[in-house]
Amino acid sequence: QVQLVESGGGLVQAGGSPRLSCAASGRAFSNYNMGWFRQAPGKDREFVAAIVAAISWSGRSTFYADSVKGRFTMSRDNAKNTVYLQMNSLKPEDTAVYYCGADRGLNLRDPDAYDYWGQGTQVTVSS
């Protein structure tokens, strides 16, 4: 069992750079692939970023949606059982509830594949 708690959201001006955190408790955090997803009102939950438990066969450890590539950076600190999402150059269309999830499978971009979720943190970007 893994419990996840997101923090760091709020009201941000366009162009701002907040950092979201997701603190995990439970067993073997370092064994889980972690993902950030977001959900805007009336829309499905969409993939934002993911970081693997170990370097993948391709040598990549992080994966991003095209809409955030170059603006968002995901990282993890296994010693602190925490993952982060550094968000830069925010746009109004980034407004959503942001969720972190934990997954032991390989389908990092599919929210249905994730085993555990946090409660989410609201990010609102004003223009």
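In what follows, every heavy atom counts, from backbone to side chain, and hydrogens, waters and symmetry copies are set aside. Because the structure is a prediction, the values reported are computed rather than measured.
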T95 (side chain) donor-acceptor with V125 (main chain) under 3.5 angstrom: yes

Check: Y99 ring centroid to Y114 ring centroid under 6.0 Å: no

Atom of A14, atom of S127 and distance for their closest heavy-atom approach: CB-CA, 4.3 Å

Y64 versus A49, closest heavy-atom pair with distance: CD2-CB, 3.6 Å

Cluster link V48 to V97, ILVMFWY, side chain under 4.5 Å: no

Geometric cation-pi criterion, R104 with Y116: 6.0 Å, 45°: no

Contact check, side chains of E46 and D44, non-hydrogen atoms, under 4.5 Å: no

L20 with F63, same ILVMFWY side-chain cluster at under 4.5 Å: no

Worked check of side chain to side chain donor-acceptor pair (under 3.5 Å) between D77 and T82: CA-CA 5 Å; D77 185 339; T82 302; over 6 Å; no

Intermediate values then yes/no, side chain to side chain contact (heavy atoms under 4.5 Å, CB included), M74 and Q86: CA-CA 6 Å; M74 185 173 183; Q86 178 65 48; over 6 Å; no

Stepwise side chain to side chain donor-acceptor pair (under 3.5 Å) test for Q122 and T124: CA-CA 6 Å; Q122 175 73 46; T124 303; 3.3 Å; yes

Beyond-backbone contact of N81 with S25, side-chain heavy atoms, under 4.5 angstrom: no

Between CH2 on residue W36 and OG1 on residue T62, distance to nearest 0.5 Å: 15.0 Å

Distance-minimising heavy-atom pair for S89 and S17: N-OG, 4.1 Å

Between OG on residue S21 and NZ on residue K80, distance to nearest 0.5 Å: 9.5 Å

Donor-acceptor under 3.5 Å (E6 side chain, G120 main chain): yes

Linked, directly or transitively: V2 and F37 (ILVMFWY side chains, under 4.5 Å): no

Side-chain (R76) to main-chain (V52) donor-acceptor, under 3.5 angstrom: yes

Nearest atoms (heavy-atom pairs only) where Q39 meets K43: NE2-O, 3.1 Å

Shared hydrophobic cluster for F47 and I51 (ILVMFWY, side-chain gaps under 4.5 Å): no

Derivation and outcome, side chain to side chain donor-acceptor pair (under 3.5 Å), residues Q13 and S126: CA-CA 5 Å; Q13 286 192 329; S126 63; 5.1 Å; no

Closest heavy-atom pair and its distance - C22, M34: SG-CE, 4.4 Å

Joint cluster assignment, L85 & L108, ILVMFWY side-chain distance < 4.5 Å: no

Cation-pi, Y84 ring and R19 (6.0 angstrom, 45 degrees): yes

Verdict with reasoning, K69 to D66, per salt bridge (charged side-chain N to carboxylate O under 4.0 Å, His left out): CA-CA 5 Å; K69 198 173 295 182; D66 289 343; 3.3 Å; yes

Aromatic plane relationship, Y98 with F72 - under 30° parallel, 30 to 60° tilted, over 60° perpendicular: tilted

Residues R109, N107; criterion side chain to side chain donor-acceptor pair (under 3.5 Å); working and verdict: CA-CA 6 Å; R109 297 174 185 265; N107 198 354; over 6 Å; no

Check: N33 side chain, G105 main-chain N or O, donor-acceptor pair, under 3.5 Å: yes

Contact summary for G9 and V123, nearest pair of heavy atoms: CA-CG2, 4.0 Å

Between SG on residue C100 and CZ on residue R38, distance to nearest 0.5 Å: 15.5 Å

